[in-house]
Amino acid sequence: MKINDIPYRSIWVEEGEVRIIDQRWLPHEFRIVSLAERGEFATAIRDMWVRGAPLIGATAAWGVAVQMAADPSDASLAETWEVLHATRPTAINLRWALDEMRRVLAPLPPAERAAAAAARAAAICDEDVEINRRIGVAGLEVIRGIAARKAGPVNILTHCNAGWLATVDWGTATSPIYHAIEAGIGVHVFVDETRPRNQGALLTAWEMASHGVSHELIVDNAGGHLMQHGEVDLVIVGTDRTTANGDVCNKIGTYLKALAAKANGVPFYVALPSPTIDWTVRDGLAEIPIEERSGAEVTHVQGKDGSGRVISVQISPDGTPARNPAFDVTPASLVTGLITERGVCAAEPGAMRAMFPEAGV
Ligand SMILES: CSC[C@@H](O)[C@@H](O)C(=O)COP(=O)(O)O
């Protein structure tokens with residue numbers, strides 16, 4: 001995607017360095033940083049310099065590659081898997097990418113691992129871009145179908161940031177939106193602010209503005225009201241882990257949007273790259289580990305002050321205890337469909353298996 005007419009991915013290699021956009025400062029400051037050793041990759045994922053399930057996976061893959069250049073031994077490969085896997089618990093793309101790197105590297109002699117690791121990490125990034133492009137092509141048909149049945153723009157509500165910043169490029173939930181705009185279909189996006197970290201207000205609103213997409217920022221509690229008044233035609237969200245049964249784990253608050261959508265007959269779609277499917281899990285509520293983050297993210301908000309400085313302010317009384325589960329699980333029964341790189345399917349085990357028979361479950 002372009003920033004000031006310069007095309008960017010969210011992670012890339014330049015002058016032999018792995019570079020990322022440090023998303024903690026967006027949209028107020030655009031900072032690029034280089035990650036030079038394994039510990040920095042772990043920090044960048046854990047402290048959310050990068051975030052979003054596919055980008056977490058891509059960053060971990062590059063973390064393995066950088067470590068293999070420093071120490072390609074078996075012990076180093078095993079330790080790197082553990083160190084990076086421990087950074088964030090919910091997005092399955094992290095484990096998927098680490099398993100994929102280990103599958104490629106473990107059979108090789110150590111002397112061949114650095115080059116092979118860099119090649120596979122680069123390929124994982126390229127594959128992510130193509131997967132998300134295809135999700136856009138598939139999701140475009142969902143939007144086109146709605147556009148054909150109504151006058152005016154298709155009003156789409158999205159939660160969190162499942163945009164290009166959460167992937168390597170295109171985004172998942174946003175890719176159908178970008179494709180619809182390219183196809184000349186009018187679209188208006190309601191952007192949930194997505195407390196506590198405000199990925200919608202900070203990142204999705206920035207993406208929408210950068211690409212000239214008509215949009216309005218809404219508070220997290222407004223979605224149900226807009227749906228009751230017929231102002232939302234479609235919900236599209238991303239996911240951090242979707243089970244073999246079609247239960248969808250995504251940013252906290254997604255479940256409430258799905259309930260409101262069901263109650264109001266609004267289609268609720270999930271944009272789903274196949275590496276985000278956890279075929280080993282059937283019951284999302286019981287089995288998916290939900291990240292609990294610091295209460296400081298609830299008691300404080302970050303923003304820009306009058307002089308343009310990025311600051312954090314406390315919004316609750318001193319010492320208020322806070323609870324901060326970062327994700328929730330939307331049962332498959334509330335999901336209208338999964339928009340995958342192979343097309344749209346029901347959030348249902350048979351349909352998912354038919355779409356991805358190689359999963360072998
Ligand atoms: C294509 S990204 C899908 C999800 O990863 C996204 O919706 C989300 O929940 C991101 O959470 P985050 O905590 O910002 O990493």
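Quick caveat: nothing in here was measured; it's all calculated off a predicted structure. Atoms within each ligand, like the ligands themselves, are counted from 1 in listed order. Note that the numbering runs from 1 along the sequence shown for the chain.
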Exercise for the section: Please determine if Lys251 forms a cation-pi arrangement with Phe327, meaning its NZ or CZ atom is less than 6.0 Å from the six-membered ring centre and no more than 45° off the ring axis. Expected result: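 Yes, Lys251 sits over the ring of Phe327.
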Under a 4.0 angstrom heavy-atom cut-off, which atoms of ligand 1 come close to [X]?
X	answer
Lys251	9 (O), 11 (O), 12 (P), 13 (O)
Ala162	1 (C), 2 (S)
Met48	12 (P), 13 (O), 14 (O)
Gln199	12 (P), 13 (O), 14 (O)

Do [X] and ligand 1 have an N or O pair less than 3.5 Å apart?
X	answer
Gly52	yes
Thr167	no
Ala53	yes

Handout entry: Shortest reach to atom 1 (C) of ligand 1 by a heavy atom, considering only Ile56, Ile45, Thr172, Ile135
Key = Thr172
Handout entry: Crowding at OH, Tyr255 (>12 non-hydrogen neighbours, <6.0 Å)
Key = no
Practice task
Count the heavy atoms belonging to other residues, nucleotides or ligands that lie under 6.0 Å from CZ of Arg9, then report whether that count exceeds 12.
Solution key: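 Atom CZ in Arg9 is packed in, count exceeds 12.
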Practice task
Could you check whether the rings of Tyr178 and Trp170 sit parallel, tilted or perpendicular, using 30° and 60° as the cut-offs?
Solution key: tilted
Exercise for the section: Specify whether His229 and His225 have parallel, tilted or perpendicular ring planes, treating 30° as the upper limit for parallel and 60° as the lower limit for perpendicular. Expected result: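 Ring orientation, 0 to 90° scale: tilted.
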Exercise for the section: Give, for atom CE of Met1 and atom OG of Ser10, the distance between the pair rounded to the nearest 0.5 Å. Expected result: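 Between atom CE of Met1 and atom OG of Ser10 there are 11.0 Å.
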Return yes when [X] approaches ligand 1 closer than 4.0 angstrom through a heavy atom, no otherwise.
X	answer
Thr90	no
His159	no
Arg88	yes
Pro54	yes

Problem - Residue part near ligand 1, for Thr239, under 4.0 Å between non-hydrogen atoms - result: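 Just the backbone.
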Problem - Side chain, backbone, both or neither: Asn161 near ligand 1, heavy atoms under 4.0 Å - result: backbone
Tell me the protein heavy atom at minimum distance from [atom], and give that distance in Å.
atom	result
atom 7 (O) of ligand 1	Asn250 OD1, 2.8 Å
atom 4 (C) of ligand 1	Asp240 OD1, 3.2 Å
atom 2 (S) of ligand 1	Ala166 CB, 3.5 Å

Exercise for the section: Indicate whether any N or O donor in one side chain lies under 3.5 Å from an N or O acceptor in the other, for Thr276 and Asn93. Expected result: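 A donor-acceptor contact under 3.5 Å links the two side chains.
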Is a side-chain N or O of [X] found less than 3.5 angstrom from the main chain of [Y], in a donor-acceptor match?
X	Y	result
Arg195	Val298	yes
Asp305	Arg309	yes
Asp71	Ser73	yes
Lys257	Asp220	yes

